> 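Sending over a structure as C-alpha cells; questions will come in a sec.
Note on naming: letters A, B, ... go to the chains in the order of the sequence lines (proteins, then strands), and numbering restarts at 1 for each one. Everything quoted here is computed from the prediction, not taken from an experiment.
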Amino acid sequence: MSEDKKESLNFIEQIIEDDLKSGKNNGRILTRFPPEPNGYLHIGHAKAICINFETAKKYGGKTNLRFDDTNPTTEETEYVDSIQNDIRWLGYEWNGDAVYASDYFGQLYEFAVSLIKKGLAYVDDSTPEEIATMKGSPSVPGQDSPYKSRTIEENLTLFEQMKNGEFADGSRVLRANIDMTSPNMLMRDPIIYRIKKEHHHRTGDQWCIYPMYDFAHGQSDSIEHITHSLCSLEFIHHRPVYDWFIEKLGIFPSKQTEFARMNVEYMITSKRKLLKLVNDNYVIGWDDPRMPTISGMRRRGYPAAAIRNFCDKAGVAKRENTIEISLLEACVREELNKTALRAMVVLDPVKVVITNYPEDKTEILHAENNPEDPSAGSRDLHFGRTIYIEREDFMEQAPPKYFRMTIGADVRLKHAYILHCTGIDKNQDGEITTIYTTYYSDSKSGEDVSGIKPKGTLHWVDADNAVPCEVRMYDRLFTVADPTADDSKDFLEFYNQDSLKVIKNALMETSLSESKPGTQYQFLRQGYFCTDVDSAEGKIVFNQTVGLKDSFSKEVKK
RNA sequence: UGACCCAUAGUGUAACGGUAACACACCGGUUUUUGGUGCCGUUUUUCUAGGUUCGAAUCCUAGUGGGUCAACCA
C-alpha cells in the first residue's frame, strides 16, 4: 500500500497504534461491549457498539459481548435477548459466546478474599447514612470508619459469613482499604460487595452477596484479557479505582480509555425518561418509530448501515458534543437512495379525469424500481381514464415558478403521459372534487415525440387499481432540540403533540399490496417509507422514515 | 470550595511545531420524466492573555467558559 496521505486517526486509534508500535500484548486487540441487561439499547449504545466493534475490526481484533449483570434487582433475561438481537441487527458479531460478569462471581469472591488477606479490604458494619457521612465531600476529606482497623482474621470470617447469608441485607458491606482523604471520591474506600438476598437471572439463589461495578468491571476486563476497555467519559473518575484493583490483585492489566458520549438533537437517552414516555403512552412502546431506541429506529426504517455510518461520521473525541439530527437523516437518505424501491403513493388524493382518454381503455406502463440501481428491475403500473394525484399538486391560483398542475398548463405524470389541465369541479364547501384534463397521446414515457417539455412531474395512482393504505407520518418527538436543558421544566412539556399523524386513506399502487414488514421504499416525491409490523392482509401500514430533501418548500417560504 | 476532563466554521471532526481542512447544514449554479439524486461553486473557523520558538490550533503558565465526580446503580 502506498501512503501519500496519512489517514486521520481518532485519539483511541492513536493510542492503539502507539501500543502496536511498542509491541504491547504482541499486537493483540480485544475490546468489549458491556451492557447491563436492564433495558433496551438506544442510539447512545449504538455509538458505543460501533466504537468498540469498529476499532477492534480495524486492527484485526475482536470484541466480547459481556453482560454486566452484578445487580440482580434490575436485570432480566428478556433484555439479554433484545440486546443480542439489536447488536446483530446493527451488523456486529461478538467474539465467541456472550459472557457475563456473573460467570466470574466465584473468581471475584476469591479476589476479594485475597484483598482481605493483604489488608486491603475490610468489612464495615456502618449504616449507609454513616458511610455517606464519613465519606466527606469533594472539598472535605472523608474520615476513617471505626471498622477499618479490623484484623484480617476478623474480616475473613465476617466476609465468609456475609457470603453464607448470616447477615441481613444492608447490614454490612465489604470495602476496599484505600484512602478516605483522596480528592477522588471514588477512591475513598469504595464499597466492593453488598448483601442482596435476591434471585439473580442467571445464578439464581447461589449468591446473596454481589460485587459492585468497581469490583466487577475492571476485573472482568482483566479475566477476559481485554486490551482496550473503551467507555464513556463519565467513568473517567473510576479509572484510578480500576487500575488500583488490577495492580493490587496482580492481574492482567487491561487499560481503560474514555471518550465523550454522543448526544443527538431531539433525542434523549435517559432510561427513566424513556420509560416515562412508554408508561404514560406518549409513544406506543419501546419500538415506537419516534423512539431513539435501536428497535425504534429499526421500525422507523433507518437502515443499520446508515446508523453505522452516522456513528462513524459523528467521530470520536473527548469534548461534549451534540450532533445535528440532519446528519443522521442525511446518512439515512444516502443509504436509502441507493437501496429503496421506488413506488407511487398518493397521501391526500384528488380525482383527475382525462376527458380525451377512451372510456374503456386501460394500459400497462413500465416503471423502473430504482433509477440508482438498474439491477432492481422494473414493475408494471396500471393506467386509465381516471387517476388520483396529490391534492397539493394542484393550485387554482398558481404562483410563479409553480411547476405542478394548474388550469391551462401542462404537467407530466411520472412514467405516463403529459396532461393539460382544462378545468375543475368543486363542492358546496369550495373543495375541489374533480380535476379535468386532456392528455397528449404521443407523450408516453419512453416514446415521447410530443416535443412538449413540462417543468413538473407528478406521482399518481390509477383509480381502478389503487389500494387504500395507512401511512404514519412522524415528526421529532420534542419541540426543542434538548428537552432536558432547562432544569426548571419537565421534559414532557416539550413533547411534540404533532409527532405522529396518521393518514388513513392514502392510495398506493397495486404492486405494494403484497409488501412485507420492514421493506423500504421511496414514495416518489414524498420520502422514504417502510412497511410496518402492524400491516395485515388487505391493510398495509407504512411508516415514514424520513422525507426527501425539499428545496421547493424553501422556495415557497421566500 | 477540592480533583479530573474539555475548548478549531452553524454542528461535528481532522491537521501530531511548518502557516487550518473534511462532512453535514446554509447559500448560489447546473443536470434531471422525483422541486429527489448527481455535478460545480460561495460564505464562515483555532476562547482570552502571557511565555517558549525562526515558526504555535498544536508545547508551557494563568485566566475565562463548559462538563464530570460523593447511590449498598452501572
> In the structure I gave you, are the side-chain heavy atoms of A/Glu368 and A/Pro371 within less than 4.5 Å of one another anywhere?
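SC-SC contact between A/Glu368 and A/Pro371 confirmed.
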> Sticking with atom C1', work out how far B/rC73 lies from B/rG36, rounded to a whole angstrom.
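These two C1' atoms come out 48 Å apart once rounded.
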> Does A/Asp410 have any side chain to side chain donor-acceptor pair (under 3.5 Å) partners at least two apart in sequence or in another chain, and if so, which?
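Partners of A/Asp410 under the side chain to side chain donor-acceptor pair (under 3.5 Å) test: A/His420, A/Tyr440.
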> Base, sugar-phosphate or nothing for A/Ser137? Non-hydrogen atoms, less than 4.0 Å.
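It contacts base atoms.
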> Once you apply a heavy-atom cut-off of 4.0 Å, does A/Tyr417 come out as touching a base, just sugar-phosphate, or nothing?
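Counting heavy atoms under 4.0 Å across all strands, no contact is made by A/Tyr417.
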> Please state the C1' separation for the pair B/rA9 and B/rA57 - nearest whole angstrom.
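Here B/rA9 and B/rA57 have their C1' atoms 14 Å from each other.
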> Within the 4.0 Å heavy-atom criterion, would you say A/Lys338 contacts the bases, only the backbone, or no part of the nucleic acid?
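If one applies the 4.0 Å heavy-atom cut-off, A/Lys338 turns out to touch nothing in the nucleic acid.
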> How many whole angstroms separate atom CZ of A/Arg333 from atom P of B/rG38?
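Nearest whole value for this atom pair: 11 Å.
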> Using a cut-off of 6.0 Å, state whether more than 12 heavy atoms not belonging to A/Lys58 lie near its atom NZ.
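Atom NZ in A/Lys58 is crowded, with more than 12 foreign heavy atoms closer than 6.0 Å.
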> Is the shortest side-chain N to carboxylate O distance from A/Lys444 to A/Glu363 below 4.0 Å?
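Result for this pair is yes, salt bridge flagged.
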> Is there, by distance only and without an angle test, a donor paired with an acceptor across the side chain of A/Arg404 and the base of B/rG35 below 3.5 Å?
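Counting by modelled atom types and ignoring angles, a donor-acceptor contact under 3.5 Å is found here.
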> Which part of the nucleic acid, if any, lies within reach of A/Val140 when heavy atoms closer than 4.0 Å are counted: base, sugar-phosphate only, or nothing?
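No contact.
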> Could you identify which residues of residues 214-223 of chain A place a heavy atom less than 4.0 Å from some atom of RNA chain B, listed by residue number, or say none?
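Heavy-atom contacts with RNA chain B come from no residue of residues 214-223 of chain A; none.
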> In whole angstrom, give me the gap between the P atoms of B/rC22 and B/rC60.
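Looking at atom P only, B/rC22 and B/rC60 are 29 Å apart.
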> Is it possible for you to check whether A/Arg150 lies under 6.0 Å from the centre of the six-membered ring of A/Tyr122, through NZ or CZ, and within 45° of that ring's axis?
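Relative to the ring axis of A/Tyr122, which defines the angle, A/Arg150 lies outside at least one limit.
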> Hey, are A/Lys255 and A/Asp19 close enough for a salt bridge, meaning a charged N less than 4.0 Å from a carboxylate O?
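Looking at A/Asp19 together with A/Lys255, the answer is no, because their closest N to O distance does not fall below 4.0 Å.
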> For A/Phe259, is the NZ or CZ atom of A/Lys318 found under 6.0 angstrom from the centre of its six-membered ring and inside 45 degrees of the ring axis?
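Not flagged: A/Lys318 not positioned over aromatic ring of A/Phe259.
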> With rounding to the closest Å, how many angstrom separate the C1' atoms on B/rA20 and B/rU45?
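Nearest-Å result for B/rA20 against B/rU45 at atom C1': 8 Å.
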> With distance as the sole criterion, do the side chain of A/Arg342 and the base of B/rU34 form a donor-acceptor contact below 3.5 Å?
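Yes.
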> Give a yes or no on whether A/Gln143 atom CD has more than 12 heavy-atom contacts from other residues, nucleotides or ligands under 6.0 Å away.
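Open.
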> Going by an N to O cut-off under 4.0 Å, is there a salt bridge joining A/Glu320 and A/Arg261?
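No, no charged N to carboxylate O under 4.0 Å.
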> When the distance from CE of A/Met187 to C1' of B/rC69 is rounded to whole Å, what number comes out?
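After rounding, the reported distance stands at 14 Å.
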> Atom CD1 of A/Ile178 and atom C1' of B/rA70: how far apart are they, to the nearest Å?
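So the CD1-C1' distance, A/Ile178 to B/rA70, works out to 14 Å.
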> What residues in residues 450-460 of chain A put a non-hydrogen atom under 4.0 Å from any atom of RNA chain B?
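Going residue by residue through residues 450-460 of chain A, the ones with a heavy atom under 4.0 Å of RNA chain B turn out to be A/Thr457.
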> Using the C1' atom on both, measure B/rU30 against B/rA49 and round to a whole Å.
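Those two atoms are separated by 49 Å.
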> Determine whether a donor-acceptor pair (one donor, one acceptor, N or O, separation below 3.5 Å) exists between the side chain of A/Gln526 and the base of B/rG36.
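Looking at the base of B/rG36, it does not pair with any donor or acceptor on the side chain of A/Gln526 (distance under 3.5 Å).
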> For A/Lys444 and for A/His237, find the nucleotide of RNA chain B with the closest heavy atom, then tell me which residue's nucleotide is more 5'.
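Here A/Lys444 is the residue nearer the 5' end.
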> For RNA chain B, find the residues of residues 320-332 of chain A with a heavy-atom distance under 4.0 Å and give them by number; none if there aren't any.
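Heavy-atom contacts with RNA chain B come from A/Glu320, A/Asn321, A/Thr322, A/Ile323, A/Glu324, A/Ser326, A/Leu327, A/Ala330.
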> What about A/Phe383 and A/Tyr417, are their ring centers closer than 6.0 Å?
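Between A/Phe383 and A/Tyr417, the centre distance is under 6.0 Å.
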> What pattern of brackets, bars and dots sums up RNA chain B from 5' to 3', given Watson-Crick or G-U wobble pairs under 3.5 Å, [ ] for crossing pairs and | for another strand?
.((((((..((((....[..))))..((((.......)))).....(((((..]....))))))))))).....
> Over all strands shown, is A/Thr70 touching base, sugar-phosphate only, or nothing at heavy-atom distances under 4.0 angstrom?
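If one applies the 4.0 Å heavy-atom cut-off, A/Thr70 turns out to touch the sugar-phosphate alone, with no base involved.
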> So what does A/Met262 hit on the nucleic acid, given a heavy-atom distance under 4.0 Å: a base, only sugar-phosphate, or nothing?
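Result for A/Met262 = nothing.
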> Write down the distance between NZ (A/Lys414) and C1' (B/rU33), rounded to a whole number of angstrom.
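About 5 Å, once rounded to whole Å.
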> May I ask you to evaluate whether A/Arg261 reaches the phosphate of B/rG67, defined as a side-chain N or O under 4.0 Å from OP1 or OP2?
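Negative; the distance criterion is not met.
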> Are A/Phe67 and A/Tyr100 an aromatic pair by the rule of ring centers under 6.0 Å?
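Yes, close enough.
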> Suppose we call a contact any N or O donor and acceptor under 3.5 Å apart; does that hold for the side chain of A/His238 and the base of B/rA74?
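Check passes, donor-acceptor contact within cut-off.
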> Mind checking A/Asn71 for me? I need base, sugar-phosphate or nothing, with any heavy atom below 4.0 Å counting as a touch.
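Answer is sugar-phosphate: A/Asn71 comes under 4.0 Å of backbone atoms only.
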> Determine the Euclidean distance between corresponding P atoms of B/rG41 and B/rC24; express it in Å to zero decimal places.
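Here B/rC24 and B/rG41 have their P atoms 14 Å from each other.
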> Rounded to whole Å, how long is the line connecting atom OH of A/Tyr528 with atom C1' of B/rU37?
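Distance check: A/Tyr528 OH to B/rU37 C1' gives 8 Å.
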> Just to be sure I understand the rule, does A/Gly142 reach a base, reach only the sugar-phosphate, or reach nothing, if contact means heavy atoms closer than 4.0 Å?
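If one applies the 4.0 Å heavy-atom cut-off, A/Gly142 turns out to touch nothing in the nucleic acid.
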> Between A/Asp125 and A/Arg412, who's closer to the 5' end of RNA chain B by nearest nucleotide?
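Of the two residues, A/Arg412 wins.
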> Tell me whether A/Arg342 is salt-bridged to A/Asp373, with the criterion being a basic N under 4.0 Å from an acidic carboxylate O.
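No.
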> When the C1' atoms of B/rC39 and B/rA74 are considered, how many whole Å apart are they?
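50 Å, rounded to whole Å.
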> Taking it one step at a time, do A/Tyr266 and A/Phe478 satisfy ring-ring contact (aromatic ring centres under 6.0 Å, His included)?
CA-CA 6 Å; A/Tyr266 301 99; A/Phe478 300 102; 8.3 Å; no
> In terms of side-chain geometry, is the basic nitrogen of A/Arg172 or A/Asp124 positioned less than 4.0 Å from the acidic oxygen of its partner?
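Looking at A/Asp124 together with A/Arg172, the answer is no, because their closest N to O distance does not fall below 4.0 Å.
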> Once hydrogens and angles are ignored, does a donor-acceptor distance under 3.5 Å link the base of B/rU34 to the side chain of A/Arg525?
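No pair found.
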> Any base atoms under 4.0 Å from A/Thr181, or only sugar-phosphate, or nothing? Heavy atoms, all strands.
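Nothing, no nucleic acid heavy atom in range.
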> Determine which pairs satisfy salt bridge (charged side-chain N to carboxylate O under 4.0 Å, His left out) with at least one residue from residues 192-202 of chain A, sequence neighbours left out, and list them in order.
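For residues 192-202 of chain A: A/Asp103-A/Arg202.
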> Report the distance from atom CZ of A/Phe235 to atom P of B/rC5, rounded to the nearest whole Å.
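Distance, rounded to whole Å: 18 Å.
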> How far, in whole Å, is B/rG38 from B/rU58 if one measures between their P atoms?
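One P to the other, the span is 37 Å.
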> Reckon A/Ile418 touches a base, only the sugar-phosphate, or nothing at all at heavy-atom distances under 4.0 Å?
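Nothing, no nucleic acid heavy atom in range.
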> Without decimals, in angstroms, what is the distance between A/Phe259 CZ and B/rU13 P?
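A/Phe259 atom CZ is separated from B/rU13 atom P by 13 Å.
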> So what does A/Asp550 touch, heavy atoms closer than 4.0 Å: a base, only the sugar-phosphate, or nothing?
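Sugar-phosphate, no base atom in range.
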> Taking only side-chain N and O atoms of A/Lys549, does any of them lie within less than 4.0 angstrom of OP1 or OP2 on B/rU34?
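Checking B/rU34 against A/Lys549, no side-chain N or O comes under 4.0 Å of OP1 or OP2.
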> Would you mind checking if A/Glu334 and A/Lys313 are paired as a salt bridge, meaning a charged N to carboxylate O distance below 4.0 Å?
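Judged by the 4.0 Å cut-off on N to carboxylate O distance, A/Lys313 and A/Glu334 do form a salt bridge.
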> Under 3.5 Å, is there any donor-acceptor pair linking the side chain of A/Gln522 to the base of B/rU34?
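Between B/rU34 and A/Gln522, which were checked side chain against base, a qualifying N/O pair under 3.5 Å is present.
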> Apply the side-chain hydrogen bond (donor to acceptor under 3.5 Å, both in side chains) test between A/Asn38 and each candidate in A/His201, A/Glu75, A/Lys271, A/Glu76; give the one that qualifies.
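Testing A/Asn38 for a side-chain hydrogen bond (donor to acceptor under 3.5 Å, both in side chains) against A/His201, A/Glu75, A/Lys271, A/Glu76 leaves exactly one candidate, A/Lys271.
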> Under a 4.0 Å N-O cut-off, is there an ion pair linking A/Arg404 with A/Glu392?
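Yes.
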